[in-house]
Every structure is written in structure tokens, then in C-alpha cells.
Amino acid sequence: MDYKSVEQKWKDFWEKNGINRFDSESDAKKYYVLEMFSYPSGSNLHLGHWYNYGPADSFARFKRMQGYNVFQPMGFDSFGLPAENYAIKTGVHPEDSTNKNIATMEKQLRSIGGMFDWSAFMYTSSPEYYKWTQWLFLQLYKHGLAYQKQSPVNWCTSCNTVIANEQVVDGKCERCGADVVRKNMTQWFFKITEYAEELLECLDKLDWPEKTLTMQRNWIGKSEGGEVVFPIGEDKITVFTTRADTLMGVSYVVLAPEHPLVDKITTPDCKKAVEEYKLAASKASDIDRLSTAKEKTGVFTGAYCTHPISGENIPVWIADYCLATYGTGAVMGVPAHDTRDFEFAKKFGHKITRVIKAASGEDELPYVEHGILVGSGSFDGLTTAEGKKAILGFLAERGLGGIKINYRLRDWSVSRQRYWGAPIPIIHCDHCGAVPVPEKDLPVRLPYDVNFTPDGQSPLRKCDSFIDTVCPICGAPAHRDPDTLDTFVCSSWYYLRYPDSKNGDQPFDPALINKMLPVDKYVGGAEHACMHLLYSRFITKALRDMGYLKFDEPFTSLVHQGLILGTDGEKMSKSKGNTVNPDEFIQAYGSDVLRMYLMFGFSYAEGGPWNDDGIKSISKFLDRVERIVDTAIASRGKSTDASSRRELEYAVNYCIKRVTEDMEHFSFNTAVARIMELVNTMYKCESCDLLFDACEKLIRVMAPIAPHFAEEMHERMGFAPSIFNEQFPICDESKLVKDEVEIAIQVNSKMRAKMVVSTSLDDEGIKSAVLGDSKITELLSGAAVKKVIVIKGRLVNIIV
RNA sequence: GCCGCUGUGGCGAAAUCGGCAGACGCAAAGGACUUAAAAUCCUUCGGAGGAAACUCCGUACCGGUUCAAGUCCGGUCAGCGGCACCA
């Protein structure tokens with residue numbers, strides 16, 4: 001078969017006849033299948049794109065054939081650093097290179113033969129899109145969920161921009177691998193922490209991979225503990241602790257060097273040392289500062305606070321092992337029951353007081369497990385759990401603390417000092433402060449002529465025609481915010497735009513979106529677990545609370561595809577030279593073959609090393625199907641043999657049943673295996689008079705997996721296109737009932753024989769049939785039967 | 001250090017609720033067809049022993065539960081991923 005012309009023929013047919021489009025008139029149940037959109041990079045589609053989009057498209061087609069009104073859109077996440085870095089290197093403007101890449105990639109995506117509804121196409125760097133990204137920013141601002149603050153931020157020394165906590169990996173930039181340092185800057189933040197509890201709770205009702213749920217849970221990092229107040233003169237130091245039961249073992253209190261109380265309480269004689277320590281701490285990069293291997297450091301402030309229960313004087317230190325950004329920025333030091341405090345106390349000579357004993361009596365300090373309170377006055381004898389409750393209760397009554405929940409999650413920093421992104425729609429006025437751009441003035445257009453060579457400043461700051469403006473409130477000269485939004489802001493709401501992507505008046509029509517969303521099946525890489533997938537959930541909840549949306553979660557069901565590795569088992573990369581170009585395989589075999597091989601050769605969620613050999617076998621398999629179809633057509637209507645009807649009917653219906661289940665679970669490799677089994681049976685039953693009928697069902701079962709091929713075969717068999725207007729075959733369970741079944745015979749749990757028994761027999765019947773069989777009695781050679789276990793349709797175990 | 005996932009033939013992988021381990025395919029070997037090759041078709045294909053019927057062993061390792069364990073439980077090792085001075 002000439003794959004190239006056949007595939008083109010059907011691509012054109014689908015496009016012309018609207019087979020790929022969502023039918024807004026239909027009253028069939030909607031099904032929104034979404035694959036994570038991609039960044040339009042310069043090179044061709046790589047195998048990773050194919051592996052994501054090909055099998056997921058087969059799933060979408062399967063759903064369509066099951067009668068759903070499927071919506072499967074495609075677009076691009078086209079703002080971002082690569083285009084800008086490329087521009088810096090080559091001088092090609094990001095807008096030009098991006099538009100060119102989008103055109104190329106769109107063409108290539110069409111070559112997959114996906115059922116993408118191109119009428120919904122959009123990309124995030126177009127003003128028609130980022131207008132609404134800016135609108136989203138303004139809504140968050142209006143509702144107090146976007147705010148500006150000066151704070152230590154992660155600064156990538158190579159990208160010359162701030163990046164989010166989620167984008168710092170091992171103290172390095174997730175994108176370029178350069179060192180990340182802390183810088184104090186005024187930045188915009190989204191208040192994702194306001195939703196910490198709901199983001200955590202709702203995870204339970206999502207059909208997501210367990211791994212991803214766990215990662216989000218850990219990332220949110222809920223920690224249930226308490227706050228304890230240590231008065232210090234007029235002021236008070238509040239610490240967060242999960243071990244309030246160890247309160248009587250406190251021998252010092254530590255503040256983070258950045259803690260606001262530090263300057264106030266430091267005594268004159270300690271001033272010099274404290275200032276020096278603060279300076280050193282601010283210079284250290286996160287990687288140095290957060291290294292667990294590093295020896296503890298710290299200095300005394302000269303001040304003492306008061307223990308809330310004993311009234312004892314407790315020395316106050318500063319140390320960088322106490323983080324300003326978590327809890328209250330202050331911790332109580334309990335050396336006997338915390339390994340860090342123990343280390344610190346040893347070094348600086350703090351006393352180490354045991355207040356917990358292991359229930360078993362056997363322990364040694366530092367003892368960090370739960371146990372029984374000792375040396376804690378009236379609290380002695382309580383367990384850790386009881387002690388926490390009693391001590392926090394005691395403190396709460398006196399206004400010195402109480403139960404407190406903390407989250408590890410921080411607010412999302414969204415300002416980027418880069419050019420290629422959506423401008424932040426804020427105007428800074430000397431009189432009125434930060435003023436949101438009126439919605440009628442959106443979009444704030446990204447100017448074309450800008451010098452974006454990175455020098456640590458936002459490129460837009462140097463563009464006067466952009467920066468200089470007037471205050472929308474008082475009319476005085478003012479300047480625009482020079483930063484752009486993190487591209488994760490663009491991608492945090494794109495799934496809401498697709499169903500209404502051409503709407504010029506609103507980001508989306510809420511009535512429509514509430515019908516089309518949530519996404520029923522979301523498919524994409526696992527690397528977005530704590531970024532895109534978390535941000536999108538937050539934005540959905542925020543828009544819901546503003547009244548735009550009526551659902552709580554954007555993605556009901558999520559699947560991660562695995563990673564296709566190079567033939568050497570390593571991650572594909574140009575530098576390693578192990579990349580595999582899908583184009584040569586499409587040239588040689590066609591896109592159906594590549595797609596089907598990707599579905600058959602790997603466990604979808606696992607992925608694995610690429611292997612050239614397997615792909616040929618799929619090509620041979622399609623040839624094999626074509627031959628049996630031709631045989632079926634040729635023999636149709638002629639009197640053929642009726643003998644193997646039962647076998648063929650069974651094989652067809654078994655295949656339908658299993659493929660239906662497998663497709664539903666993204667178990668594509670077994671689905672293809674079941675289809676191969678059916679074809680093997682068809683070759684055995686070549687002369688059966690049901691062959692044509694069986695072939696017709698086979699082709700429909702195959703259609704989602706090899707769409708062009710199936711469409712061609714369907715037409716060749718004399719049916720009117722498109723096969724995607726046909727129903728996916730439904731299993732006739734009655735054809736799966738067999739008269740006889742082969743079961744295994746075990747003696748003392750060891751496999752000894754096989755035997756064919758009638759399926760009409762009950763357990764007793766099977767038992768007597770087996771024990772009555774001469775071969776079995778011979779096997780038992782007169783041994784006394786103690787017990788017989790019968791598993792219907794599977795095996796009989798005889799215990800002697 | 002903590003959390004999670006994974007570990008099955010020469011290879012990619014299957015195995016519903018604990019019930020015949022290795023489906024389906026690749027590679028390999030032998031055979032048929034062919035002048036020959038390709039394509040196609042048939043056979044073998046976890047290991048050891050045996051002429052064969054068949055027997056024993058086998059799902060990273062050690063132990064347990066069970067009539068029965070790749071599957072459940074406890075421990076160990078290895079690989080991958082995530083978090084990590086989070087109080």
C-alpha cells in the first residue's frame with residue numbers, strides 16, 4: 001500500500017468533512033481530551049511529541065467511536081526563554097522565530113493524523129491570548145490574590161531573571177543549570193498559599209497517578225503543630241513547632257538572620273558579630289546555606305526571652321539553619337530531641353535537657369522519636385500525643401500559643417526580568433502607587449523593537465515608548481511595570497480558552513466553559529507535577545471563587561506518558577548524539593506504523609529505550625491485515641466453510657472486550673497484542689463464512705490505533721467513509737461462553753495434568769469428574785484424598 | 001536522611017480478586033516455496049537433566065502467611081523519581 005498517498009487522502013477527507021471537529025450542535029455527551037501543549041522549538045517534532053500526541057489521539061478517537069462528542073484541541077505555549085536566548089545568540093527576533101516555528105510544527109502535528117480540532121487553535125504569545133492572561137492578572141489583583149512585596153527571590157545568574165521556587169532544582173536553574181542566588185527584590189506574587197488546604201484536600205477526589213498526588217502533597221507540605229510565644233521585654237518571639245511536648249527541654253531560641261526582631265533585641269556588645277553574621281548569611285547562595293552537610297553556625301544576640309511555662313531566661317541566637325521563609329522564622333532549640341538542635345548545642349555549649357523517654361526505656365540522645373514526657377513537671381508521664389495537646393492547651397489559656405498548621409508551600413512569584421512574555425498590566429505612579437491598567441486598555445502590547453540583551457534589568461525598562469505612560473487615575477506621568485509574567489501563568493488557564501478561543505469580548509464564555517470543562521482526560525509529562533499542574537488547580541479555584549467557574553478542579557483524570565530514551569537507554573539529547581528522528585520512519589512506513597509501534601512497544605506510562613527493529617514488525621502486521629481483508633473481500637458471497645464459526649466468533653468478541661478495557665486504561669500495548677491475536681485466529685479460520693464480518697469488526701477495533709489504514713480498509717470493503725462515524729464494536733458476551741474449558745490439575749499444589757471439563761458443571765461436578773478420570777486416579781496412585789479445592793474455570797488442587 | 005515507584009527469558013513486555021509464569025512481538029535456529037534473494041508460510045525458542053514420556057529448578061535476595069505467592073506481609077540489595085537544616 002502506498003502509505004503516503006493513502007494517509008494524505010484521509011487527512012484531507014477528515015479536515016474537509018469536519019471529522020476532527022467538536023460538534024457544538026450534537027447532544028451526545030462531551031468528552032474533553034487534552035494533551036499538554038508544547039513549546040514551539042526550532043527543530044522538528046521529536047519522538048517525545050509523537051509519544052504524547054499519537055497514543056492520546058487514539059484514545060480520543062476511541063472515545064469518539066464510543067459515541068462521545070470529543071473535543072481535542074491543539075495550540076502552543078509560545079512565550080518563554082528559549083526564543084529569547086536564541087534571539088540573543090542569533091539576532092533573530094523572538095516573535096519572528098516563534099511564528100516560524102509555530103508554522104512548521106503545526107504542519108508536523110498535522111502529519112501525525114491527530115483528530116485535533118484546529119478551529120480552536122491558539123498560542124499564548126498572540127495579543128488575542130495574552131490580553132486575557134493580563135485580564136487574569138487583574139482579576140487576581142482585584143481579589144487580593146496578586147500582590148507585590150520585597151522579598152528574597154531566586155535569581156538565576158545565567159538567565160538573569162527571577163525564577164519560582166518550583167523552578168529551582170538542587171540550587172540550580174531548572175532550565176539552564178546555572179547557579180541560583182538569593183536577591184532581595186520587589187516582585188509580584190500570586191497568593192497560592194491561600195488555597196493550600198483546598199489544594200491538598202481535593203487531591204483525594206482526583207483520578208491522577210498516585211506518584212503525582214504524593215508529590216503535590218509533599219510540595220504543599222502540611223505540618224500540624226503549634227505556636228509557642230516566648231516574651232522578650234515588650235515584644236514576643238513566636239516559634240512554630242511540631243513537638244510542643246518537648247517544650248520543657250528548650251535551652252535556647254533561634255531567629256533567622258532576616259527576622260525583623262533581630263536589630264531591636266541585639267545588645268550593643270553583640271551588635272558587631274550579629275551584623276557580620278547577617279551579612280555573610282545574605283551573601284551565601286541557597287545551595288551553600290541549605291546544605292545539610294554544612295556545620296552549624298550562629299551568633300548570640302545578647303538578649304534573653306522568657307520561657308512561657310517555667311519563666312526561665314532563654315538565650316536568643318541567630319543562625320541560618322533557621323529559615324525566614326518557613327513558619328515564623330523562629331525556632332525553639334531542644335537539643336535532647338532534635339538532631340539539628342543537638343548539633344548546635346554541642347558546638348555552642350547549650351545545655352541538653354532530656355524531657356522525653358522511649359516507652360521501651362532504651363534510647364540515647366538525641367532521641368527524636370515519640371515517647372513519654374519526663375522532667376516536665378505536671379506533664380510528666382504523658383505520651384507525646386497527649387503532651388502536645390496538654391501543653392498547647394495550657395499555653396492557649398494564657399495567650400501564649402496554641403494549635404497551628406503550617407504549609408511548606410510558598411506564594412508563587414510571577415515577575416520575570418525578561419522580554420518574551422506577557423507584560424504585567426500595572427502602572428506605577430508616584431502619587432497613586434501601583435495602579436492596574438483599566439481592562440478596556442488591554443492588551444498591554446509587548447513592543448517589538450526592544451534591546452533584550454540581558455544585563456540584570458528588565459529589557460522593557462530600557463524601552464521608553466513602552467515604559468513611559470500616564471497614570472490612569474490622576475493623569476500624572478507614570479511608568480509601566482517593566483517585568484513580564486512567568487510563562488506558567490500563560491499555561492495555567494489555556495484549557496479554559498480552547499473551547500472559546502476566538503472570543504474577543506471575554507477570556508471565555510462562562511456558560512460555555514462550565515459545560516465543556518473540566519478536562520476529562522489530560523495527558524502529559526510527569527515533570528509538571530508541582531508546577532503547571534499545581535498552578536492550574538489554583539487558578540481554577542481562584543476563578544471559581546470569583547464566580548466565573550462552577551467546577552473545582554480543571555483535570556478530572558490525568559495520565560503521564562513515559563519517556564522514550566535513546567537506543568543507549570539514556571535520555572535523548574543533541575549533545576549525547578542519541579536522538580532519534582521520527583521523520584525517517586514516517587518516510588519509510590507512514591505515520592500509522594510509527595504511532596502503532598509507539599503504542600505496542602512500550603508500556604505507555606513507563607516508556608523506555610527506542611529500538612528500530614520493532615517498527616518493521618508493525619509494518620508487516622498491517623500488510624498481514626491488508627491481506628486478510630482482501631481474502632475476506634474475495635471470498636464474500638461465495639459459499640465458504642461454516643466449521644470454524646465458534647472459534648472466530650469467540651476470538652472477535654474476546655478481542656473487542658479486551659481492547660475496549662485496555663484502551664480505557666491507556667494499556668495500549670496489550671490492546672495491540674489482542675488485535676494481533678485476533679488476526680492470527682483469522683488466518684487459521686481463513687475459509688470460515690464469517691471472515692468478512694470478522695474483518696469488518698477488526699477494522700473498526702483498529703481504527704483508533706491505525707486511523708488512516710483503517711479508513712482505507714473500511715472503504716475498500718465497500719463501506720462509506722468515515723469509519724469514525726461508526727460505533728466502536730460492542731462485545732457479544734454470549735459468544736464468549738464456551739461449552740468446555742481446559743483446567744489445570746494440581747496434586748499437593750504442584751502442576752500435574754490438564755483436563756478438559758464441561759463449563760456447565762458446578763464445583764461438586766468438576767470434583768467428581770476430575771477424581772473419576774482414569775488419568776488422575778493413576779496420578780494419585782491410591783493416595784488418600786484429604787481435600788479438593790476447585791476454582792471454576794481455572795484449576796483443581798487435590799491435597800493427598 | 002525521608003517519601004514514592006520499579007526489579008519477570010537474549011530483548012520490548014504480559015499475567016483481572018492470590019489460581020496453569022512468560023500472552024503479544026523482536027532477535028535467533030531449523031524447514032517449505034524460489035535458479036536465488038526478498039516476501040510469505042510452518043516448527044523450535046527460560047534453565048538443567050532425559051532418546052522420549054517426563055522430572056527438577058526458575059519472577060533481584062532472605063524469611064513469613066496460604067491448599068496455592070511475580071502478586072499479600074516483614075527484612076535486605078539495586079535502579080529511577082521526588083523532597084531535604086520545613087523546626
Side-chain angles (χ1 to χ4, degrees), chain A residues 169-170 209-219 221-223 225-226 228 239-244 246 254 256 289-297 319-323 325-334 337-341 343-344 368 406-410 526-527 529-530 563 597 600-603 605-618 620-621 623-624 627 658 661-662 665 667 669-680 683 742-754 786-800:
Chain A
V169 177
D170 291 336
E210 202 50 51
K211 190 175 88 180
T212 308
L213 295 175
T214 306
M215 275 169 69
Q216 288 212 356
R217 275 188 201 106
N218 292 342
W219 190 261
K222 183 176 182 173
S223 176
V228 180
V239 306
F240 175 73
T241 179
T242 53
R243 290 298 300 272
T246 64
V254 183
R289 183 168 163 181
L290 296 181
S291 161
T292 41
K294 202 190 80 168
E295 202 182 323
K296 295 276 174 293
T297 60
D320 63 6
Y321 85 88
C322 178
L323 308 175
T325 46
Y326 181 76
T328 58
V331 291
M332 60 187 210
V334 185
H337 305 294
D338 181 285
T339 47
R340 295 155 303 185
D341 297 346
E343 208 187 305
F344 191 79
V368 299
N406 245 316
Y407 300 90
R408 211 192 68 101
L409 185 69
R410 314 278 162 81
E527 67 275 14
C530 294
L563 209 57
Y597 174 60
F600 178 63
F602 308 86
S603 174
E606 301 280 315
W610 172 263
N611 177 341
D612 285 357
D613 292 334
I615 193 160
K616 209 194 251 168
S617 71
I618 297 293
K620 284 185 191 173
F621 174 71
D623 291 344
R624 191 167 151 82
R627 282 196 302 276
R658 291 299 305 270
E661 288 165 8
D662 290 347
H665 297 114
S667 180
N669 52 349
T670 52
V672 175
R674 299 288 89 87
I675 290 170
M676 288 173 167
E677 279 172 349
L678 172 58
V679 172
N680 289 344
Y683 269 87
E742 188 186 61
I743 60 168
I745 309 297
Q746 296 183 336
V747 178
N748 286 343
S749 308
K750 292 234 174 202
M751 272 293 302
R752 279 294 176 264
K754 288 184 181 180
K786 269 201 234 156
K787 192 178 170 188
V788 180
I789 294 146
V790 180
I791 307 296
K792 205 162 183 288
R794 293 212 183 249
L795 61 72
V796 172
N797 190 3
I798 305 161
I799 311 301
V800 298

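Side chains included, hydrogens not; waters and symmetry mates left out as well; all remaining heavy atoms used. Throughout, a chain's letter reflects where its sequence line sits, starting with A, and its residues are numbered from 1.
A:Lys750 comes within contact range of the sugar-phosphate backbone alone, with a heavy-atom separation under 4.0 Å but no base atom that close. Here A:Phe600 lies in heavy-atom contact (under 4.0 Å) with a base. At a threshold of 4.0 angstrom between heavy atoms, the contacts of A:Glu661 with the nucleic acid are absent. A:Arg674 comes within 4.0 angstrom of a base, heavy atoms only. Among the protein residues, A:Gly601 comes within range of the sugar-phosphate backbone only, with heavy atoms under 4.0 Å from sugar or phosphate atoms but none that close to a base. Counting non-hydrogen atoms under 4.0 angstrom, A:Asn680 reaches the backbone sugars and phosphates but no base. Counting any heavy atom pair closer than 4.0 Å across all strands shown, A:Asn611 reaches no nucleic acid atom. Using a 4.0 Å heavy-atom distance criterion, A:Gly793 is classed as making no nucleic acid contact. A:Lys620 comes within 4.0 angstrom of the backbone, heavy atoms only, and of no base. Using a 4.0 Å heavy-atom cutoff across all strands shown, A:Ile799 reaches sugar-phosphate atoms only and no base atom. At a threshold of 4.0 angstrom between heavy atoms, the contacts of A:Glu210 with the nucleic acid are absent.
For the OP1/OP2 pair of B:A14 and a distance below 4.0 Å, the side-chain nitrogens and oxygens of A:Asn669 include at least one atom meeting the criterion. Here A:Tyr326 reaches the OP1 or OP2 of B:A87: one of its side-chain N or O atoms lies under 4.0 Å away. Taking only side-chain nitrogens and oxygens, A:Ser749 never comes nearer than 4.0 Å to OP1 or OP2 of B:U66. Note on A:Thr339: every side-chain N or O is 4.0 Å or more away from OP1 and OP2 of B:C85. In this structure, A:Arg752 does not reach the B:C54 phosphate: none of its side-chain N or O atoms is under 4.0 Å from OP1 or OP2.
Base orientation at B:C80 is anti, since its O4'-C1' glycosidic dihedral falls outside 90° of 0. Applying the 90° criterion around 0 to the glycosidic angle, B:G47 comes out anti.
Ring planes of A:Phe240 and A:Tyr326: perpendicular class, angle over 60° (limits at 30 and 60°).
In this structure, A:Glu661 does not pair ionically with A:Arg674, as no charged nitrogen and carboxylate oxygen lie closer than 4.0 Å.
A:Tyr321 and A:Asp341 form a side-chain donor-acceptor contact under 3.5 Å, judged by distance and modelled atom types alone. Remark: the A:Ser223 side chain and the A:Arg408 side chain contain no N/O donor-acceptor pair separated by less than 3.5 Å. No side-chain N or O of A:Asn797 forms a donor-acceptor pair with one of A:Arg752 less than 3.5 Å apart.
For A:Ser617, whose side chain is taken as the heavy atoms from C-beta onward, the closest listed nucleotide among B:C26, B:A13, B:A87 is B:C26. Each of B:G82, B:G4, B:A87 was ranked by its minimum atom distance to the side chain of A:Cys322; first place goes to B:A87.
The distance between atom OH of A:Tyr597 and atom P of B:C26, rounded to the nearest whole Å, is 11 Å. Atom pair A:Phe602:CZ and B:A14:P shows a separation of 12 Å (rounding to whole Å applied). B:G1 atom C1' lies 13 Å from atom CD of A:Glu343, rounded to whole Å. Counting to the nearest Å, the C1' atom of B:A39 and the NZ atom of A:Lys616 are 11 Å from each other.
No donor-acceptor contact under 3.5 Å links the side chain of A:Lys787 to the base of B:C67. Put simply, the side chain of A:Lys786 and the base of B:C67 share no donor and acceptor less than 3.5 Å apart. In this model, no side-chain donor or acceptor of A:Asp613 finds a partner on the base of B:C26 within 3.5 Å.
Under a cutoff of 6.0 Å and an axis angle of 45°, A:Lys222 and A:Tyr407 do not form a cation-pi pair.
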